[in-house]
Amino acid sequence: MSIHVNEENKLFHLQTAHTSYIFKILENDEAGQLYYGPRIPVKDDYKNLATREEHDCTNTLTVDQPDFQLELIKREYASFGKGDYRYPAYQLTFHNGSRTTEFRYMGYSITKGKKRLKDLPSTFDDAGDDAETLDLAFKDEYDHVMMLLHYTIFEKEDVIVRSATFSSFCTDIMVNRAMSLELDLPDANYDMVQFSGSWSRERHMIRTPLRSGIQSISSLRTASSHQHNPFFMLARPNTDNNQGGVFGFNFIYSGNFLDSVEVDQFDTTRVLVGINPDEFAWKVDDGETFQTPEAIMTYTDKGFNQLSHQLADFYQKHLINPHFAGKERPILINNWEATFMDFNEAKLMPIVDKAHELGIEMFVLDDGWFGHRDDDHTSLGDWFVDEKKFENGIDGFAKKVHDKGMKFGLWFEPEMISIESKLYEEHPDWMISTPDRLITPARNQYVLDMTRQEVVDYLFDHMSAIIKKTKLDYIKWDMNRNITEMFGSQLKHDRQLEFGHRYILGVYQLYARLTEAFPEVLFESCASGGGRFDLGMMYYAPQAWCSDDTDAVERIYIQDGTSYGYQQSMWGAHVSAVPNDQVGRLTPIATRAAVAYFGDLGYELDVTKLPQEELDQIKEQVAFYKKHRRLFQFGKFYRIDSPDTATDNVYDWEVVNDDKSEAILARFQILNGPNPAYIRTYFTGLDPEKMYTINGGDEKFSGAELMNVGYFVPRIMERKPEKDPSDFSARILVAKEA
Ligand code: DGJ
């Protein structure tokens, strides 16, 4: 049992395997936060945690309760307007324009398991034996509004999932702000660790100490964005990969979000995670309900690697479509960087043939196969094959790929429309625009109004027809621009601020219908690389294109950042040609592959143009990856902090299997140096008692030795500088139980 309730003291203690989360109902009948951190024993009450000191600078609840000052209290889900001037968790506007709420606790219920949310991606415990859910009910008597706070406790993975619902039973109300999670912490001695960047340099780690005021990351792009990922952490200043206290937060949502951390005048910290209240409001009519998306929180006192592991475990069991959870992903070849849109069947077939010879398992046909799309000005929305490129139809081409024993995948960008398209000729009103305003193009394309049911239906019908016709195995669902001139032609004026959320609900509806109708099809989400890399997408599409940047060095930074909050099987990682398309860098194909092994491996280059020497290497890489695929995709991922890698020039990554009988460590050296120091690498996560060999050598090492003494990694010096510089090298060490 993970939820302990003391009814007399109205105290709730949510316990996971290693954490405790405690709150109680306060004198004003709202819930107040007491503790979140390492697990502590269950008691009847924790009076000491609720001790109040009177401060003379704040408002009090009533005249005879001078020490009940909301501004000083750690709250579960804070309102605004009663004397706590920190940013609130929610704000409602009532019929008369007032915004003050007085929700009072009504009661609670506990259920086994965790039901999926309707219309939103969510966590689940379908079997009902892994989770417990607590719903707390509050009522605002005056305005007849109910508020439910939901908590699901995933005991084994140390994860708590939160959300809230508002229902009106009288007149309509406006929900102006409804965050999914609030956490008030008693001090502010934390670093905020966020993952930010831009197109082609997504999710770079940034670590900054908290300071007085608000630090936040957010999006107003109606996408989680390249610029900031919704995942972030609060870590004690001494926390590193191996040790230290750290909270992790993430949001199961793909639209506008706000992660905000406020440090107040008394150095307490308020965390809020939810839909960005800017550009959002939701009208709840009498008898209706608004449900926030879910946010997750987790804690460990064992450092970043452990936090990543518990999240990885959690996603595979309770977020990823069970059809693909823990299921090995195919090695693919994608034609984008090989041909861009300049292809036809005759040009593609040799690539398919060669890829097949190399052992690659799936051919993915990227942008340009439909309508008359020879460049990015045209055809989005016209989801029928370009017969000039495929005389035998797309089904004819798919059959040829399938006949080789390979899987077949196709690129779609469902949410978009080109003005030069049949779809626009027929339905110009399906494109998002604001009346009497100019329309802003981006990549020469525009966005479909996914809030309209007929748009979602059109896309479902056309995509379904292609899926059936081609017996499709995989879809890359791209999204290459953000919305401008946001306006819902079918929404009344007082519902216009619902548009952003309704748009995302439309996207989710299409995903839900397609994944239900075609459960065997593997979806990979993409948004100009990693512009919508979030848990909302992952619920439907278990993997996402990590970044358009496939340079091996840049990918080290991107995948390293991504790995803090996501698991390797959740990102596609491809070997592409050199000089690299994004940075013009030359890196050896062995290094490109070594980086891409740590993810869902793919190739994205014209294999018909490579020298035999590189083709031989690819064949070996594919065979090596197949042999170790489970370990690379689902093994425990360690970012190694060791004495000799405390520099940006060397990165060590390792994956370890469940019984610790096998581990693969990669050492990436960015630049070579003259006459350098003797360099070792230190394995981690092995069994200290087990004996291991390295790369099949004769010498045996105990796990204790490999983890404490380390292993000497000779540098790579002998290279042909014209195409294989000695910079950017990678070493792979396979440790196997002897
Ligand atoms: C952006 C994606 O990230 C690329 O991989 C490719 O699919 C292009 N779009 C195609 O337009």
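In this chain, numbering begins with 1 at the start of the sequence shown. For clarity, every value in this text was computed on a predicted model and none was experimentally measured. Order of listing sets the numbers, starting from 1, for every ligand and every atom in it.
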ask   = Between Gln453 and Gln509, does any side-chain donor sit less than 3.5 Å from a side-chain acceptor?
value =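 Gln509 and Gln453 do have a side-chain donor-acceptor pair below 3.5 Å.
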inquiry  = According to ring-ring contact (aromatic ring centres under 6.0 Å, His included), does anything in residues 338-362 pair up with another residue at least two apart or in another chain? List the pairs.
reply    =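 Listed once each, the pairs are Trp336-Phe340.
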request  = Write out the protein residues near ligand 1, meaning a non-hydrogen atom under 4.0 Å from one of its atoms, in order of chain and number.
outcome  = Trp336, Asp366, Asp367, Trp411, Arg443, Lys476, Asp478, Asn480, Cys526, Ser528, Gly529, Trp545, Asp548
Side-chain donor/acceptor pairs under 3.5 Å, residues 459-467, sequence neighbours excluded:
unit_1: His462; atom_1: ND1; unit_2: Tyr458; atom_2: O; d: 3.0
unit_1: Ser464; atom_1: OG; unit_2: Phe460; atom_2: O; d: 2.6

Which atom pairs, donor and acceptor, lie under 3.5 Å between side-chain atoms of residues 419-428 and protein residues at least two apart or in another chain?
unit_1: Ser421; atom_1: OG; unit_2: Ser418; atom_2: O; d: 2.6
unit_1: Ser421; atom_1: OG; unit_2: Tyr424; atom_2: N; d: 3.0

query = Parallel, tilted or perpendicular: which fits the ring planes of Phe231 and Phe195, with parallel below 30° and perpendicular above 60°?
reply =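 If you compare the ring of Phe231 with that of Phe195, the planes turn out parallel.
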request  = Over 60° means perpendicular and under 30° means parallel, so classify the ring planes of Phe598 and Phe632, tilted if in between.
outcome  = perpendicular
